[in-house]
Amino acid sequence: MKKRNIIGGLALALLVTLSLDSNAQEKKESVGKKIDKTATKVGNKTAEVAVKGSSKVVDQTYKGKMAPDGTNVYIDGKNRKYYINKKGGKVYLKAAQIKDRPVVKP
């Protein structure tokens, strides 16, 4: 009976050691990388909001039309149609890429 308890105790200790060892293998993301990713996200969103704001003031909005991702389409001074992507860049569209905006029924 004592041998059975000793073997069981050793087996339990071995399993606990293996489970602790597997947790030690996890890679933790450093604080610097987390800050870098967050700063990039904030910068992209700031650029997107700034460009959309200036586009609403300077350029015309194409009424009843939307871009492939569902956002507004703007028309610049040279009659080129574009939308603003998630990073704040202007993406110019071909006529075939512009879709009609669905009508919302009240």
Side-chain angles (χ1 to χ4, degrees):
M1 189 73 163
K2 283 187 174 185
K3 277 189 175 180
R4 187 182 259 174
N5 287 342
I6 292 172
I7 292 173
L10 289 174
L12 182 63
L14 180 66
L15 289 174
V16 169
T17 305
L18 289 176
S19 67
L20 291 176
D21 218 16
S22 66
N23 286 339
Q25 297 298 323
E26 285 184 29
K27 287 190 174 181
K28 300 286 182 177
E29 194 172 9
S30 69
V31 175
K33 286 192 178 191
K34 285 183 181 179
I35 291 173
D36 187 40
K37 283 184 180 180
T38 304
T40 303
K41 287 180 185 178
V42 169
N44 287 342
K45 190 64 176 179
T46 303
E48 179 186 4
V49 170
V51 173
K52 280 186 179 181
S54 68
S55 293
K56 285 184 187 251
V57 171
V58 175
D59 298 329
Q60 295 178 348
T61 304
Y62 203 165
K63 301 288 182 191
K65 302 290 182 176
M66 67 179 189
D69 66 347
T71 59
N72 289 336
V73 177
Y74 301 100
I75 306 170
D76 66 3
K78 296 181 181 178
N79 203 26
R80 296 182 295 180
K81 283 80 174 173
Y82 67 92
Y83 72 98
I84 311 300
N85 65 7
K86 296 291 181 189
K87 292 186 176 182
K90 292 181 180 180
V91 179
Y92 291 94
L93 299 168
K94 297 178 182 174
Q97 293 175 309
I98 300 172
K99 301 176 186 178
D100 291 328
R101 190 171 295 279
V103 178
V104 179
K105 295 181 181 179

For residues 63-71, please give each side-chain donor-acceptor pair under 3.5 Å, one per line with the distance, not counting sequence neighbours.
residue, atom, partner, partner atom, Å
K65, NZ, D100, OD1, 2.4
D69, OD1, T71, N, 3.3
D69, OD1, T71, OG1, 2.8

For a quick test of your reading: what N or O donor-acceptor pairs under 3.5 Å do the side chains of residues 86-98 make, sequence neighbours left out?
residue, atom, partner, partner atom, Å
Q97, OE1, K94, N, 2.8

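- With sequence neighbours excluded, the residues satisfying salt bridge (Lys or Arg N to Asp or Glu O under 4.0 Å) with K45 are E48.
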Side-chain atoms of residues 73-84: list all donor-acceptor pairs with protein atoms under 3.5 Å, sequence neighbours left out, distances to 0.1 Å.
residue, atom, partner, partner atom, Å
D76, OD1, K78, N, 3.2
D76, OD1, N79, N, 3.3
D76, OD1, R80, N, 2.7
D76, OD2, R80, NE, 3.1
D76, OD2, R80, NH2, 3.2
Y82, OH, S55, OG, 3.0
Y82, OH, D59, OD2, 2.3

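- When hydrophobic side chains of Ile, Leu, Val, Met, Phe, Trp and Tyr are connected at separations under 4.5 Å, I35 ends up clustered with V31.
- Residue pairs meeting the side-chain hydrogen bond (donor to acceptor under 3.5 Å, both in side chains) criterion with at least one partner in residues 30-44, sequence neighbours excluded, are E29-K37.
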